[in-house]
> 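Encoded as structure tokens, here's the structure I'll be asking about.
To find a chain, count down the sequence lines: A is the first, B the second, and so on, and within it residues start at 1. What you are looking at is a predicted structure, and each value in this text was computed from that prediction instead of being measured.
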There are 2 protein chains.
Amino acid sequence: MKLEILTKTDNKEVQNKIIAGIKDLINFKNLEPGEKLPSERKLSEKFGVSRSNVREAIQKLEFYGILKPMPQSGTFIANIGITAINGMIEDILELEDPDFKSLVETRILLELKTARLAAIRRTESDLKRIRQALDAYNKMVLEGKDAVQEDLLFHLAIAKASGNSTIETLMLIITPGIITNFEKHHVCDENQVILAMQEHEEIYEAIEKQDSQLAKNKMKLHFDILYQYCYNAKLVT
Amino acid sequence: MKLEILTKTDNKEVQNKIIAGIKDLINFKNLEPGEKLPSERKLSEKFGVSRSNVREAIQKLEFYGILKPMPQSGTFIANIGITAINGMIEDILELEDPDFKSLVETRILLELKTARLAAIRRTESDLKRIRQALDAYNKMVLEGKDAVQEDLLFHLAIAKASGNSTIETLMLIITPGIITNFEKHHVCDENQVILAMQEHEEIYEAIEKQDSQLAKNKMKLHFDILYQYCYNAKLVT
DNA sequence: CATTTTAAATTGGTTAACCAGATTGGTTTG
DNA sequence: CAAACCAATCTGGTTAACCAATTTAAAATG
């Protein structure tokens with residue numbers, strides 16, 4: 001129950017094997033993009049794996065926009081050119097699980113942007129939602145309770161207000177990794193949490209009065225302290 | 001074959017219904033994070049859907065780090081707090097498909113960062129890979145062929161050199177959307193493509209001599225022109 | 001011979017039965 | 001009474017059969 005990786009690992013190896021096989025198929029049997037892949041049954045037979053495994057691999061490539069299964073018709077290769085598909089699949093196969101540092105680095109990058117965009121684009125309802133998240137955070141802190149989740153929701157509310165659905169999606173994707181790592185590293189101490197209340201307030205006010213530069217700077221300050229706390233190093237943006 | 005959304009739409013509705021059901025389950029039956037979800041069989045019966053649908057929904061929530069299926073044991077709720085889970089699931093349910101503008105905006109944000117980081121962290125093999133991608137692009141352009149894919153691979157090579165696996169993953173995720181939209185909008189004309197050769201070269205040189213600020217500026221220039229071309233508006237970074 | 005019809009084969013999706021490992025609760029054993 | 005054991009049960013994963021829509025090519029029709 002603690003080892004969360006092992007059971008999925010062989011599965012991932014099988015998946016990567018299938019994905020590599022599909023890549024070879026596209027290269028070797030020169031299946032043109034836009035064409036159909038062999039049926040799931042044939043692939044499962046060809047690669048010596050279950051059809052479920054083939055479907056999972058296809059789903060993964062569908063997530064990256066490379067394949068598109070069409071019911072009762074076939075699975076089509078995205079029409080984005082054989083070179084791009086090759087490069088992307090290679091990258092996907094080599095992708096390593098993100099480390100904590102790259103997660104934090106990316107989060108800061110995204111959040112500085114969402115702060116700026118939120119200040120520019122926030123609607124009244126956005127503002128209301130951010131305020132609610134902020135109040136919830138303060139309430140927990142003042143009660144002496146752990147407020148990691150509320151902190152997170154405050155930041156997600158800002159991401160939503162940024163009006164950029166792509167960034168919002170990306171924030172959601174990296175969020176769980178952030179949380180689990182934060183809890184693992186015991187990042188937030190008492191002082192941090194209290195201080196963050198004030199910082200959050202300032203970020204909120206900057207977004208409220210639509211001062212994008214100020215919002216970015218306040219967010220940067222917020223993370224600057226966090227970053228130093230994590231790494232004993234100054235944040236470079 | 002052209003309508004790529006319809007067949008998947010009902011599926012998405014079913015999935016969201018299941019995800020919402022799981023959310024209610026966590027809230028209403030107050031399943032604590034860290035605990036087990038009801039079995040897939042029970043969920044499929046409870047929601048009146050197929051077990052496959054339940055599995056797909058679980059996979060989606062697994063992708064966002066909310067659930068963790070353990071073989072022969074059960075599907076566990078991530079130990080990140082009920083509030084965070086609620087907020088995240090709500091966001092996931094409301095997520096809309098990213099629009100072109102948010103894709104471009106996000107891509108520029110990420111690429112400015114990768115350029116800077118690549119300049120700082122690039123290894124010799126990174127450099128070699130970027131050079132190869134650059135040459136491949138130039139070759140295609142000089143032959144008068146379409147080089148959208150090669151352009152993409154050049155940028156992905158830089159992302160890889162950034163040494164930030166999270167950003168690299170995010171780049172991969174947004175890439176297919178970028179490509180298809182670019183081809184749909186016929187963004188790149190002859191002049192752009194020729195000009196980009198020079199811009200790429202300058203980006204490469206900046207990364208080579210590890211001048212991070214220069215790399216960022218050159219990348220910014222590269223996108224600045226592209227952005228104006230797309231929107232007849234000046235890029236704000 | 002071209003066009004339409006139609007029926008057989010193929011497709012991704014769904015369902016149900018099955019598997020091996022994990023869990024659980026009662027029973028045995030020291 | 002506590003610890004060890006064991007079998008019944010439950011789990012996610014896998015397999016195979018099935019479904020309805022689609023594609024195909026052969027057959028019927030003008």
> How does protein reach along nucleotides 5-12 of chain C, written 5' to 3' as B (base within reach of a heavy atom under 4.0 Å), S (only sugar-phosphate), or - (no contact)?
------BB
> Quick one: side chain to side chain donor-acceptor pair (under 3.5 Å) partners of Thr175(B), sequence neighbours excluded?
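Testing Thr175(B) for side chain to side chain donor-acceptor pair (under 3.5 Å), a comparison that skips the adjacent residues, returns none.
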> Output all residues satisfying side chain to side chain donor-acceptor pair (under 3.5 Å) with Ser162(B), sequence neighbours left out; order by chain, then residue number.
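Checked Ser162(B) against side chain to side chain donor-acceptor pair (under 3.5 Å); zero matches.
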> Test: salt bridge (charged side-chain N to carboxylate O under 4.0 Å, His left out). Region: residues 70-85 of chain B. Which pairs qualify, not counting sequence neighbours?
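Sorted result for residues 70-85 of chain B: empty, none.
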> Taking atom P of dG12(D) as reference, at what distance in whole Å does atom CD of Glu56(A) sit?
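My rounded result for the distance is 15 Å.
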> Grab the CD-P distance between Gln15(A) and dT14(D) for me, whole Å please.
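Result: 10 Å.
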> Can you pull the ring pair (Phe, Tyr, Trp, His ring centres under 6.0 Å) pairs that have at least one residue in residues 131-159 of chain A, sequence neighbours excluded?
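Non-adjacent pairs meeting ring pair (Phe, Tyr, Trp, His ring centres under 6.0 Å): Tyr137(A)-His200(A), Phe154(A)-His200(A), His155(A)-His200(A), His155(A)-His222(A), His155(A)-Phe223(A).
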> Test of understanding: with salt bridge (Lys or Arg N to Asp or Glu O under 4.0 Å), list the residues that count as partners of Arg121(B), not counting sequence neighbours.
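Partners of Arg121(B) under the salt bridge (Lys or Arg N to Asp or Glu O under 4.0 Å) test: Glu105(A).
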